[in-house]
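Structure record follows, encoded as structure tokens.
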Amino acid sequence: MDAAALLSFCQELVGRAVDAGADEAEVAVCAERQIESTLEGDAIHTVQSHDETVFGLRLLRDGAQGFVTANDIDQRTLGESVGEALDQARLNPPDSFNGLPEPSEYRGIEGLYDEEMSRIGVDDSTRIASTLLERVHQHDRRVRVDSGSVSFSVMTSAIASSKGVALVEDRTNAQGYLFGMAVDGDDIASFDYDGESSCTISDFEAKLLEAADRFSEKCLMGLAASGGESFCGTVLLSPDAVAEFLLPSLTTALCADAVRKGQSPLAGKVGEAIAAPQFTLVDDATLPGQVASSAFDREGVPTRRFVLVKDGILQGYLYNHYEARAAGGGVQSTGHASGGAGSPPGIGPTFLDLAAGEQANEDLVCAGERAVVVNRFSGSTNPVNGDFSGVVKNGFLLSGGERRAIKEVLIAGNLFDALRGVSAGSRERRLIGGTRLVPTLRIEGVSVTAG
Amino acid sequence: MSDALDLLKLAIHDCDGFVELRYHSKLSRNIAVEKGKLEKTVARRRLGVGVRVLEKGGWGFASTGNIDRSSISQAIQQARKAALVSAPLRSERASALPKVKLAKGDFSQPGVDEVVGRPLEEKLGMTRLLEERIRAAGSSISSASCAYTESLEEKAIVTTDGAAASFRLVRPEIRLQAVAEKDGVLSSGYESVGVTGGWDCLFLNGSGEFFADKAARTATDLLGARRPQGGRATVIMSPSIVGLLVHEAIGHTVEADFVQAGSVAAGKLGQRVGSDLVNLCDSGASEFAPGAGGTIPVDDEGVVAAKTTIIRNGILASYLHNRESAARFGVQPTGNARAWEYADQPLIRMRNTYLEPGTSKLADMIESTADGYMLDGPRNGQADATGEFMFGVQEARVIRNGKIGELVKGVTISGIAFEVLSTVDAISDSFQWDLGSGYCGKGQPAKVDAGGPYIRCRVLLGGQQ
């Protein structure tokens with residue numbers, strides 16, 4: 001189905017739900033065509049193709065909600081889906097905050113669709129995957145690729161509601177990743193990974209080869225590692241560690257549902273200092289050509305640039321339509337309804353931009369200072385209170401003017417204390433996974449335990 | 001199910017070479033209640049046919065959400081074309097698959113009609129009641145949640161070399177969380193249970209009320225807990241922590257694809273990797289106790305999912321294989337090829353992974369521990385190619401002079417798996433599956449379970465300095 005047909009499909013199913021007794025209805029649909037070439041055990045493994053159309057029907061009746069999703073769009077399934085969603089609404093209690101957003105004004109985002117990518121075939125994805133593998137092998141034969149993939153997707157998303165929302169967006173997405181480790185005789189390093197994603201094909205291959213080089217370098221860092229030192233003091237979080245350890249728990253605490261449910265330590269702290277003054281965090285889904293960008297969110301609310309933390313001061317929370325209504329006081333959705341057609345709207349960030357610091361990477365730790373460099377963190381953070389503990393992966397100990405690879409070293413602390421303990425950030429930033437632009441952070445007061 | 005099997009047989013009838021067709025329907029239902037509010041009810045249906053073709057030593061995979069002969073034939077052509085593209089670029093052509101007795105017939109599991117047939121009202125009522133019970137457990141409880149999930153799976157697998165199997169199974173799960181608050185400090189308690197089977201299996205180790213009370217108690221008790229001192233420690237691990245250890249730290253390193261990439265288990269078959277007491281297995285069946293969450297009768301290549309002994313008396317005895325890796329290693333496949341949904345290709349995955357029970361009594365193990373910790377309730381876990389693992393622990397209690405003492409918070413344990421197994425000096429005579437609500441991630445999720453007895457060993461404990 002093309003974009004117009006998908007939108008018609010949504011509108012027809014909305015009409016069908018209303019005719020069957022729904023007070024309000026919303027249908028989101030995503031049609032995706034994907035090709036992928038996978039790597040396994042240092043070799044091309046499987047080449048695959050996949051076409052699928054998934055829809056999600058949300059309806060309200062007497063203030064209660066029902067939600068059904070399926071990948072089967074034949075008439076019988078559609079009829080059963082409407083019936084199932086109405087059954088749910090009949091059994092569920094009414095909730096005065098349930099509702100669907102009104103249509104609004106939208107501004108299209110440039111650079112999300114690349115016609116050239118829609119013509120890519122399995123020959124191309126397999127050639128690029130093969131080049132990627134070659135690049136790793138050329139870099140250093142000690143690096144082993146356990147798995148990886150190069151994929152290209154062409155997607156059309158549409159959403160329509162009984163409120164009059166009627167939106168369509170075409171997008172393309174190229175993705176590639178490598179996962180593996182370095183092996184040198186009996187010395188096996190920790191695994192690591194890297195990857196790239198892009199809405200356009202033109203610079204994708206070049207960016208992917210850079211990711212392959214980063215992957216190789218990260219894997220090699222873990223070789224010849226030895227034990228560390230136990231102390232309480234400075235750690236440096238690499239951009240990967242900031243993106244995958246620090247930001248997820250922080251943004252969970254910044255989502256309005258966690259605040260409402262009493263599960264966020266940041267509840268009631270808007271306007272207060274929650275981080276060091278150099279910490280500024282912005283969410284922005286309106287940037288041209290970014291994989292996280294979109295003109296509208298999961299329920300058809302326009303996206304926008306939203307400042308979460310400015311100079312360490314909490315500015316606000318992320319809202320979808322439901323949470324904005326639940327918050328009351330005239331709070332509006334910030335356009336952060338997350339998820340795909342196959343799930344009911346949640347809340348989540350889009351493209352996170354953490355402000356750069358003022359120091360060069362190499363100046364973050366002075367000569368002679370003791371610190372642990374965390375390139376990857378394998379651990380857990382309690383989202384409710386921020387307590388974290390875990391293993392430093394492919395990390396280093398800086399001590400007595402020397403730098404050496406470490407293993408069996410744990411760090412522990414509290415995420416929200418760590419935010420206040422940020423003492424510096426790097427000028428250089430990296431885009432991680434196409435969705436988080438972050439610097440290296442220096443943090444004080446973290447417990448380091450060596451085995 | 002016989003309709004799907006017949007359609008696949010018809011579609012594969014005149015195929016040349018090796019073709020594998022897998023019909024997979026998954027019907028899921030989720031109910032979530034939090035802080036007195038019904039957060040969501042969701043019904044999800046995803047079905048289709050996944051096609052794999054092995055042609056000239058290359059693998060091709062395609063899938064279709066349309067269940068008709070024409071769409072399946074088209075997917076076979078796409079997969080064949082993809083296989084031909086991949087074949088010349090493979091460093092090593094995939095060899096002919098090993099001859100193995102492939103599954104034929106119906107292998108459906110018990111509990112399907114009982115779980116699916118229960119009215120939605122009943123499931124909704126149970127979810128709401130359990131959430132209410134947590135909130136009523138004490139004045140310090142500030143938030144609670146309860147989520148019920150069930151997944152009905154129907155599969156049919158047909159291959160050109162003889163597999164023709166089908167089955168239905170159901171997996172109900174319950175997750176409970178309590179959040180306690182005092183003077184601005186928050187703590188949480190989490191309990192979950194998940195099985196393959198009916199209601200009796202789901203509540204085999206305790207009622208929903210039992211788990212709700214336990215979550216509330218843990219959250220409240222943790223409010224006053226301190227952090228432990230970090231360092232090497234003697235610990236007694238509960239079946240849930242043992243399950244995480246054998247799954248994350250051992251199981252992944254013996255998946256044959258990971259072995260080939262150079263995991264720590266590579267080249268160690270026949271070598272000592274644990275103390276004499278250690279017998280570690282992975283099985284598609286629910287060994288020792290019913291209802292294990294990762295149960296599958298037949299894997300997604302049509303191989304019967306039998307028990308594999310990975311470590312026997314401390315000696316590494318086997319890796320986990322699909323048909324391709326078994327051919328490469330010159331052994332029989334172990335029935336570990338699994339795909340999450342129809343559009344996913346089968347990968348080497350664990351099923352139910354466990355340590356066999358020993359002969360010690362738990363009470364004796366505690367009494368003979370002078371200084372250590374009792375660990376229960378994994379929060380999450382990760383492991384590495386090196387066998388280095390990291391697990392978050394929800395409930396860690398100090399053991400002092402053979403007596404269990406106070407609770408400590410924020411505990412993480414780490415170690416090198418084979419080194420930790422070598423320090424095992426006591427294994428209890430009990431057994432429990434305790435990770436049935438867990439999902440394993442490897443590019444695609446897989447429903448797994450893990451468990452075992454209580455064990456005593458040495459690990460690195462993360463904590464304050």
Side-chain angles (χ1 to χ4, degrees), chain A residues 37 40-52 66-72 84 87-88 91-93 95 122-123 126 130 144-147 180-181 183 188 190-191 230-232 261-263 265 342 344 378-380 382 384-385 387 389-391 393 407-408 410 412 447-449 451, chain B residues 34-35 37-38 40-48 59-63 65 78 82-83 85-86 89-92 120-121 124 142-143 179 181 185-188 230-232 257-258 260-262 264 343 345 379-380 382 384-386 388 390 392 409-412 414 443 460 462-465:
Chain A
S37 298
E40 185 183 302
D42 274 321
I44 294 284
H45 192 261
T46 304
V47 177
Q48 53 188 308
S49 60
H50 174 58
D51 283 87
E52 188 175 59
F67 182 87
V68 175
T69 175
N71 70 330
D72 178 3
E84 160 77 28
D87 280 348
Q88 288 179 26
L91 292 169
N92 292 343
D95 183 337
V122 288
D123 312 56
T126 309
S130 193
R144 308 274 186 87
V145 174
D146 170 66
S147 59
M181 63 276 197
V183 179
I188 303 169
S190 291
F191 72 72
S230 296
F231 65 100
C232 182
K261 293 168 191 168
Q263 296 175 357
S378 170
S380 62
N382 185 330
V384 169
N385 58 22
D387 286 344
S389 183
V391 181
K393 293 292 184 181
K407 64 180 179 183
E408 289 194 82
L410 289 155
S447 285
V448 178
T449 301
Chain B
E34 286 192 66
K35 213 176 176 184
K37 266 183 179 293
L38 180 75
K40 65 178 177 185
T41 56
V42 173
R44 182 176 184 274
R45 174 179 169 162
R46 202 157 185 243
L47 78 169
W59 283 106
F61 180 80
S63 58
Q78 287 172 349
V85 168
S86 78
L89 289 168
R90 286 180 67 107
S91 54
E92 184 185 334
L120 178 59
E121 290 98 314
L124 195 58
S142 61
S143 182
V179 177
E181 191 268 338
V185 175
L186 296 169
S187 65
S188 62
R232 294 266 170 211
D257 52 342
F258 211 21
Q260 200 195 351
V264 69
Q345 58 166 320
R379 285 201 74 96
N380 70 344
Q382 292 145 31
D384 210 323
T386 58
E388 186 177 29
M390 185 297 306
K409 70 171 184 177
V411 170
T412 296
S414 178
L460 178 61
Q464 271 185 326
Q465 293 298 326

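All values below come from the heavy atoms of this structure, side chains included, with hydrogens, waters and symmetry mates left out. Chain A is the first sequence line, chain B the second, and so forth, proteins listed ahead of strands; every chain is numbered from 1. These figures come from a predicted structure and were not determined experimentally.
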Tell me the closest heavy-atom pair linking A:Val384 and B:Ser188, and the distance in Å. CG2-CB, 4.2 Å
What part of B:Arg232 is in contact with chain A, defined as an atom under 4.5 angstrom from a non-hydrogen atom: side chain, backbone, both or neither? side chain
If one checks every heavy atom of B:Arg46 against chain A at 4.5 Å, the contacting part turns out to be both
Return the CZ to CG distance between B:Arg45 and A:Asn71, rounded to the nearest 0.5 Å. 8.5 Å
Roughly how far apart are B:Trp59 CH2 and A:Gln48 CD, rounded to 0.5 Å? 12.5 Å
What's the shortest heavy-atom distance between B:Val264 and A:Ile188, and which atoms? CA-CD1, 3.5 Å
As an exercise: rank B:Ser86, B:Gly392, B:Gly48 by heavy-atom pairs under 4.5 Å with chain A and give me the winner. B:Ser86
Taking side chain as everything from C-beta outward and backbone as N, CA, C, O, which of these in A:Glu84 sits under 4.5 Å from a heavy atom of chain B? Side chain, backbone, both or neither. side chain
Please classify the contact of A:Ser190 with chain B as side chain, backbone, both or neither, using a heavy-atom distance under 4.5 Å. both
Pick from B:Gly60, B:Ala43, B:Ser143, B:Ala82: which one has the most heavy-atom pairs with chain A under 4.5 Å? B:Ala43
Minimum-distance pair of heavy atoms, taken over all atoms of B:Glu388 and A:Lys407: OE2-C, 4.3 Å
Note: vs chain B, highest number of non-hydrogen pairs under 4.5 angstrom among A:Gly180, A:Ser37, A:Gly66, A:Pro93 is A:Pro93
Comparing B:Ala343, B:Ala83, B:Ser142 against chain A, the one with the most heavy-atom pairs below 4.5 Å turns out to be B:Ala343
For A:Lys261, does the NZ atom sit with more than 12 other heavy atoms under 6.0 Å from it, leaving out its own atoms? yes
Most contact-rich option vs chain B, by heavy-atom pairs under 4.5 angstrom, among A:Asp387, A:Thr46, A:Asp123, A:Asn385, is A:Thr46
Between B:Ser187, B:Gly443, B:Ser414, B:Gly262, the one whose heavy-atom pairs under 4.5 Å with chain A are most numerous: B:Gly262
Are side-chain N/O atoms of A:Ser147 and B:Asp257 paired as donor and acceptor at under 3.5 Å? no
Atom pair CG/OG1 of A:Leu410 and B:Thr412 - distance to nearest 0.5 Å: 6.5 Å
For B:Glu121 against A:Leu91, the heavy-atom pair lying closest together: CG-CD2, 3.0 Å
Checked B:Leu120, B:Val185, B:Leu47 vs chain A; the most non-hydrogen pairs under 4.5 Å come from B:Leu47
Provide the closest heavy-atom pair for A:Gly262 versus B:Leu186 in the form atom of the first, atom of the second, distance. O-CD2, 4.1 Å
With respect to chain B, which residue among A:Asp72, A:Asp51, A:Asp42 yields the maximal number of heavy-atom pairs within a distance under 4.5 Å? A:Asp72
When every non-hydrogen atom of A:Arg144 is compared with those of B:Gln260, the smallest separation belongs to NH1-O, 4.2 Å
Can you tell which part of A:Asn92 gets under 4.5 Å to a heavy atom of chain B, answering side chain, backbone, both or neither? both
With the side chain counted from C-beta on, respond yes when B:Phe258 and A:Met181 share a heavy-atom pair under 4.5 Å apart, and no when they do not. yes
Contact between A:Thr449 and B:Leu460 at the side-chain level, heavy atoms closer than 4.5 Å - yes or no? yes
Out of B:Lys409, B:Met390, B:Lys35, return the one with the most heavy atom pairs under 4.5 angstrom to chain A. B:Met390
Chain A contact via B:Val42 - side chain, backbone, both or neither, heavy atoms under 4.5 Å: both
What part of A:Val183 gets within 4.5 angstrom of chain B, counting heavy atoms only: side chain, backbone, both, or neither? side chain
